[in-house]
*Asks:* 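There's a structure below that I have some questions on.
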There are 2 protein chains.
Amino acid sequence: MSGLRERQKTTRHRDILAAAEYLFRRDGFRATGIEAIAARANLATGTLYNYFPSKGDILLALVALDGEEVRAAGAKLIARPPRDPETAITRLLEIYIEHSLVHLTKDEWRHALANYFLQPDSRFGQGYAALDGKLAAQVCELVSALQSRGSLSPDIDSESAGRLLFYLCNSEFTLFVANEAMPMAELKQRMSRQIAIVMSGLERKAAPLAEAAAPPRLHRRPRKAA
Amino acid sequence: MSGLRERQKTTRHRDILAAAEYLFRRDGFRATGIEAIAARANLATGTLYNYFPSKGDILLALVALDGEEVRAAGAKLIARPPRDPETAITRLLEIYIEHSLVHLTKDEWRHALANYFLQPDSRFGQGYAALDGKLAAQVCELVSALQSRGSLSPDIDSESAGRLLFYLCNSEFTLFVANEAMPMAELKQRMSRQIAIVMSGLERKAAPLAEAAAPPRLHRRPRKAA
DNA sequence: CTTCAAACATGAGTCAATTCATTTTTTCGC
DNA sequence: GCGAAAAAATGAATTGACTCATGTTTGAAG
């Protein structure tokens, strides 16, 4: 492909995101006008729309960038997870929520969530959904790893368990974001209580003697159909 | 209180909601203009804003009405819950999701969620949050009832467990709503898998021999009332 | 039955995101 | 290089939710 055009395109893409990142954080999403972003990125408002289909999509693109960082951080933990399974899960989910406010404010998260629901099928909406999917998959992966290491009962569908844990995290995060006043400590506390409950369902039943007498009732579920 | 004015106020309130309900469903939330709602309710656009602070708040008010119905339906089930605890929980959550599409479309739910995030602190945003809270509380109540009936382990915080179950439902519902194509059957299936996992953490541990060291009061088993 | 203040209704006006017809720039075959 | 086609840039026009200055109705005191 032609060099100049491609390069300018990427440059402008970056410029827009950088301008938006700065202004959204400084003035808030709502108060930041498209014109201001365009001006800061040295282009006309109309031009901006050649790069992003809407203001909301710019924000979702920023969230996606952030998400990629989180995914990488999570992957590191999964590579060498803590021994205690509950600690391992808790750590992973804490990585997610702790990272969440590094580059984005609660205001931005609220608007990102709103914009996702407004256009879940747009290119950037799908990007957001895909990100969520990747993180959920990461939790599933960790559960699976803990199972094959023998720390968790192998009888449970790691897919469902991972989803459950991720959605627990997500729901509490959502609540956290909707309440400007809630401190992160409270979010963590609420999360850890629920993690504990899930883990008690996932842990290897510590009743070796009884198992011989009464076979455990396994909650076997049909495998997810592709 | 003054009769005429109060009555006219309630009437108009109702008229607006009725008009919006009709138009949102027929044309979609976005395509429905404020002017159209106002016209159908026989008032000027400006007047409408004396009753609802924004278009989104009208939708949230509709959701709240719907939510009240769901709460009532849930209360009935709680009054006489199925014997099997997993069935009881599943039924309650299914009531929620089945009811969800009776009066509202996925499009409306998407916009309702978006509007909630845009204004979680507005009067109607808080109303939405309160509704969520009430439903979550209902699940907690059911868990608690199942505990005192002896169907579930009494050692678990019913508050956290209820929240966990409700959020599981909510998260999957959210996914369902974001994917126009997903059928309700898939939503139910995903939900039931995760419910199963949570329940295995809540159920009375069925390992009597191995639990010798555990506090004896765990083994109290009241007869089920006939 | 008047009168007045408060509450309510009105619709033209404002504001900001998005679109679009037009102009400018880039690419590429010759 | 040169001209036409394609791609990108532009900012004025559009759109639709929301506001506000103004006019109208209501309820109660005198």
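Chain A is the first sequence line, chain B the second, and so forth, proteins listed ahead of strands; every chain is numbered from 1.
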*Asks:* Quick one: do A:Glu180 and A:Arg110 make a salt bridge, cutoff under 4.0 Å?
*Replies:* yes
*Asks:* Determine whether the aromatic ring centres of residues B:Phe52 and B:Phe124 are separated by less than 6.0 angstrom.
*Replies:* yes
*Asks:* For residues B:Arg26 and B:Leu23, determine if any side-chain heavy atom of one lies less than 4.5 Å from a side-chain heavy atom of the other.
*Replies:* yes
*Asks:* Could you tell me whether the side chain of B:Trp109 reaches within less than 4.5 Å of the side chain of B:Leu101, counting heavy atoms only?
*Replies:* yes
*Asks:* Using a cut-off of strictly less than 4.0 Å between a heavy atom of the residue and any atom of DNA chain D, enumerate the qualifying residues of residues 35-57 of chain A by number.
*Replies:* A:Leu43, A:Ala44, A:Thr45, A:Gly46, A:Thr47, A:Asn50, A:Tyr51
*Asks:* With the threshold set at under 4.0 Å for non-hydrogen atoms, list the residues of residues 104-117 of chain A touching DNA chain D in residue-number order.
*Replies:* none
*Asks:* For DNA chain D, determine which residues of residues 11-34 of chain B have any heavy atom closer than 4.0 angstrom to one of its atoms, and list them numerically.
*Replies:* B:Thr32, B:Gly33, B:Ile34
*Asks:* Mind checking ring-ring contact (aromatic ring centres under 6.0 Å, His included) for A:Phe24 and listing every partner two or more places apart, or none if nothing turns up?
*Replies:* A:Phe29
*Asks:* Without hydrogens or angle criteria, can the side chains of B:Thr47 and B:Asn50 be said to hold a donor-acceptor pair below 3.5 Å?
*Replies:* no
*Asks:* Extract all donor-acceptor atom pairs below 3.5 Å that involve side chains of residues 166-173 of chain B and protein atoms in other chains or at least two apart in sequence.
*Replies:*
residue: B:Asn170; atom: ND2; partner: B:Asp132; partner atom: OD2; Å: 3.1
residue: B:Ser171; atom: OG; partner: A:Ser171; partner atom: OG; Å: 2.9
residue: B:Ser171; atom: OG; partner: B:Tyr167; partner atom: O; Å: 3.0
residue: B:Glu172; atom: OE1; partner: B:Arg190; partner atom: NH1; Å: 3.3
residue: B:Glu172; atom: OE2; partner: B:Gln194; partner atom: NE2; Å: 2.9

*Asks:* So, B:His103 versus B:Glu69: side-chain donor-acceptor pair below 3.5 Å or not?
*Replies:* yes
*Asks:* For B:Tyr96, which residues count as a ring-ring contact (aromatic ring centres under 6.0 Å, His included) partner, sequence neighbours excluded?
*Replies:* none
*Asks:* With a 4.5 Å heavy-atom cut-off, do A:Gln119 and A:Asp57 have their side chains touching?
*Replies:* yes
